[in-house]
Amino acid sequence: SRTQWLQSHRFKTTSPKNFTDYHSLMHFPKTPVPPLFNFAKDVLDHWESVEKAGGKSSQPALWWVNDRNEEIRWSFEELGFYSKQLANVLTDKCNLKRGDRVLLVLPRVPEWWLVNIACLRTGTVLIPGTSQHTARDILHRLQVSQAKCLITDQSMAPLIEAVTPQCPTLTSKLLLSNKERPGWGNLAALIKSASAEHVCVNTRSDEPMTIFFTSGTTGSPKMTVHSHCSYGLGLTINGRYWLDLTDGDVFWNTSDTGWAKSAWSSVFAPWTQGACVFAHHMPRFDSKTVLKTLCRYPISTFCTAPTAYRMLVHEDPSRFQFQALEHCLCAGEPINPEVISKWREITGLDIYEGYGQTETVLIAGTFKGMEIRPGSFGKASPAYDVQVVNEEGTIVAPGTEGNLAIRVKPERPFSLFTEYLFAFHTYFFIFIFYCACFCMIYSLIPCFYLTGDRGVMDQDGYLWFVGRADDVILSAGYRIGPFEVENALIEHEAVAESAVVSSPDPVRGEVVKAFVVLTSEYKNRDQNELIRQLQAHVKKVTAPYKYPRKIEFVDQLPKTVSGKIRRVELRKKEWGLS
Ligand code: ATP
Ligand code: MG
């Protein structure tokens with residue numbers, strides 16, 4: 001039943017901290033789920049009553065700070081109060097009905113969390129965007145989603161006004177600003193004057209809840225629809241088992257508000273456990289500010305991107321006097337073993353890796369108490385049956401490279417996305433494509449959802465990332481994963497970061513090429529000599545055939561807004577493609 005489900009998975013005030021046998025402790029039914037579920041009502045309001053009854057630690061639900069030393073701390077009761085007010089604004093002032101879509105483009109401000117919860121309460125579908133969007137991005141999002149309401153701040157308003165004449169479905173616009181702007185409702189003023197009496201919509205578990213854009217690492221970002229249960233219930237896995245949170249923890253996740261990782265780690269996962277969501281509104285990622293914040297506040301758990309850890313380990317170790325930090329995590333990209341070991345050297349703490357997608361919750365990870373095998377992102381999460389399969393959809397033997405896949409038959413896990421949403425004109429092409437591929441793909445790989453990533457599972461169930469399927473290099477009959485070569489390169493003290501891609505070669509077809517960002521001490525060295533050194537180094541630390549025959553030094557690597565390396569861009573440049 002719903003109550004049993006919830007009781008056994010979310011409302012524990014203790015978490016399996018430091019357990020030793022994670023498999024025996026993780027019981028997570030992949031299905032069925034309760035027919036009705038709403039995160040605001042079933043989780044947040046629950047924590048509010050626990051808080052009122054004195055059954056919770058004194059940590060707030062949301063702890064927000066910025067660079068000007070301003071601070072906001074909201075309890076679950078306050079979060080409930082303001083979000084109910086905003087829910088009334090959405091239904092009464094914006095005339096939104098259950099199922100209507102709301103585009104939200106706000107940076108890390110407290111109102112971002114209120115909109116998230118108000119959408120849950122009203123059954124409206126949230127589409128988070130980022131302040132780094134261009135007018136074209138916004139137009140695309142508004143037109144494809146047919147959003148009825150848009151919420152943003154002053155910085156984005158002119159850009160949005162330029163495209164809204166082409167968006168007839170958009171009927172209301174709310175602005176977070178202390179100035180009035182014609183054509184916009186003032187978000188803060190409307191919240192303030194609204195009633196806090198609101199009855200939460202009784203949403204079905206399979207009803208659309210949110211639409212997230214993928215990061216756009218391999219191509220155009222895809223719009224991914226999630227239901228109330230896929231993230232709302234599914235992310236319990238992340239909160240309880242991977243983040244290892246309890247209601248006494250203060251958890252800081254640095255990801256931008258526009259990406260699924262913010263739903264994972266700044267909304268659902270920590271609040272399933274009643275933990276405090278900490279947020280620092282930094283205009284952009286700055287290593288010194290991050291370290292200062294970790295020292296100044298009682299942050300117990302910290303999650304950031306591998307690219308951020310790569311920057312942090314170059315900071316002065318005397319800055320690392322943390323107040324309460326005990327658990328560090330990363331996700332979104334592979335993390336180099338070298339960075340894990342440097343972080344351990346400086347802080348005494350391990351980095352626990354997580355692997356997942358916008359389309360999923362945590363697919364695999366290293367969990368507390370588990371042996372960390374650097375280079376592996378851990379074992380399958382109990383949310384999914386994860387396998388490595390070949391092109392025919394057959395599970396391959398341990399140690400063999402294949403497609404990382406999630407079993408979806410006989411039962412599709414509830415914590416998987418519902419569908420991709422496409423622009424109307426692309427439906428036609430997709431339809432044709434599917435008609436052509438359906439019989440073949442469906443008959444060949446009927447049981448699995450393919451992640452698009454390649455990997456290996458070892459005898460003990462640890463998963464090793466090889467690369468995105470498109471990034472794997474085929475040179476003179478060898479398959480080479482870029483991650484392994486990048487790991488070898490970063491071990492050399494001249495390398496701050498690198499991206500490895502295929503490059504055309506008349507003899508071998510393609511060869512390994514590395515784009516390397518040098519550490520400051522090596523910037524002015526003789527480049528030809530450095531190339532020779534780096535090649536010799538890679539040949540020494542990994543199989544010699546993997547060494548980069550071509551190396552180019554660059555000031556920075558092309559990255560997505562969320563900080564992921566876009567190898568696709570470098571590869572296209574190499575192959576002379578636009
Ligand atoms: P797009 O699908 O638009 O190309 P994207 O795949 O980067 O972008 P996300 O859903 O944000 O969009 O990222 C999921 C992908 O990130 C995974 O498929 C995988 O390639 C990569 N990834 C996430 N975590 C890890 C990890 N720990 N190790 C290796 N790769 C990871
Ligand atoms: Mg993807």
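Nothing fancy with the numbering, it's 1 onward along the sequence. Numbering of ligands and ligand atoms starts at 1, following listing order.
Between the side chains of Y309 and N336, no donor-acceptor pair of N or O atoms lies under 3.5 Å. Side-chain contact annotation: T214 with T358, donor-acceptor N/O pair under 3.5 Å absent.
Between L329 and I351 there is no side-chain heavy-atom pair separated by less than 4.5 Å.
A cation-pi arrangement is present between R141 and F213, with the terminal nitrogen or guanidinium carbon under 6.0 Å from the aromatic centre and inside a 45° cone about the axis.
A salt bridge links R373 and D460; the closest N-O separation between the charged side-chain nitrogens and carboxylate oxygens is under 4.0 Å. Salt-bridge annotation for K261 and D256: absent, with no side-chain N of the basic residue lying under 4.0 Å from a carboxylate O of the acidic one. Salt-bridge annotation for K559 and E569: absent, with no side-chain N of the basic residue lying under 4.0 Å from a carboxylate O of the acidic one.
Of the protein's non-hydrogen atoms, the one nearest atom 2 (O) of ligand 1 is K222 NZ, 2.9 Å. In terms of protein heavy atoms, atom 12 (O) of ligand 1 is closest to S215 N, 3.1 Å. Protein heavy atom in closest approach to atom 13 (O) of ligand 1: K564 NZ, 2.6 Å. Atom 6 (O) of ligand 1 has as its closest protein heavy atom R468 NH1, 2.9 Å.
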For side-chain hydrogen bond (donor to acceptor under 3.5 Å, both in side chains), just list the numbers for S502 and W575, CA-CA rounded to whole Å, side-chain angles, deciding distance to a tenth of an Å, and then say yes or no. CA-CA 9 Å; S502 70; W575 290 82; 3.1 Å; yes
Using the side-chain contact (heavy atoms from CB on, under 4.5 Å) rule, take T360 and F417 through it: C-alpha gap first, then chi angles, then the decisive distance, then the call. CA-CA 6 Å; T360 66; F417 75 118; 5.8 Å; no
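Ligand-side atoms of ligand 1 in range of E353: 26 (C), 27 (N), 28 (N), range being under 4.0 angstrom from any heavy atom. Within ligand 1, the atoms closer than 4.0 Å to a non-hydrogen atom of T218 are 1 (P), 4 (O), numbered from 1 in the order shown. Remark: ligand 1 atoms within the under-4.0 Å shell around heavy atoms of P334 are 26 (C), 28 (N), 29 (C), 30 (N). Proximity to T358 (heavy-atom distance under 4.0 Å) selects the following atoms of ligand 1: 9 (P), 10 (O), 11 (O). Of all the atoms in ligand 1, the ones that sit under 4.0 Å from a non-hydrogen atom of F377 are 28 (N). Of all atoms in ligand 1, listed by their number and element, those nearer than 4.0 Å to a heavy atom of T217 are 1 (P), 3 (O), 4 (O), 5 (P), 7 (O), 8 (O).
Between S220, A364, G356, it is G356 that holds the heavy atom closest to atom 14 (C) of ligand 1. With S255, P221, A260, G332 as candidates, the residue nearest to atom 22 (N) of ligand 1 on a non-hydrogen basis is G332. Here the shortest heavy-atom distance to atom 27 (N) of ligand 1, taken over S376, A305, G354, belongs to G354.
Every N/O-N/O distance between T451 and ligand 1 stays at or above 3.5 Å. At under 3.5 Å, a nitrogen or oxygen of G216, whether backbone or side chain, sits near a nitrogen or oxygen of ligand 1. The N/O atoms of A331, backbone and side chain alike, include none that comes under 3.5 Å of an N/O atom in ligand 1.
Taking the six-membered ring for Trp and the full ring otherwise, the centers of F39 and F268 sit less than 6.0 Å from each other.
At a 4.0 Å cut-off, not a single heavy atom of G452 sits close enough to ligand 1 to count as contact.
Using a 4.0 Å cut-off between heavy atoms, E333 contacts ligand 1 through its backbone alone, with no side-chain atom that close. In F465, the part holding a heavy atom less than 4.0 Å from any atom of ligand 1 is the side chain. Only side-chain heavy atoms of D453 come within less than 4.0 Å of ligand 1; its backbone N, CA, C and O stay farther off.
Ring planes of H281 and W64: tilted class, angle from 30 to 60°.
Going from atom CZ of F367 over to atom CZ of R240 covers 12.5 Å, rounded to the nearest 0.5 Å.
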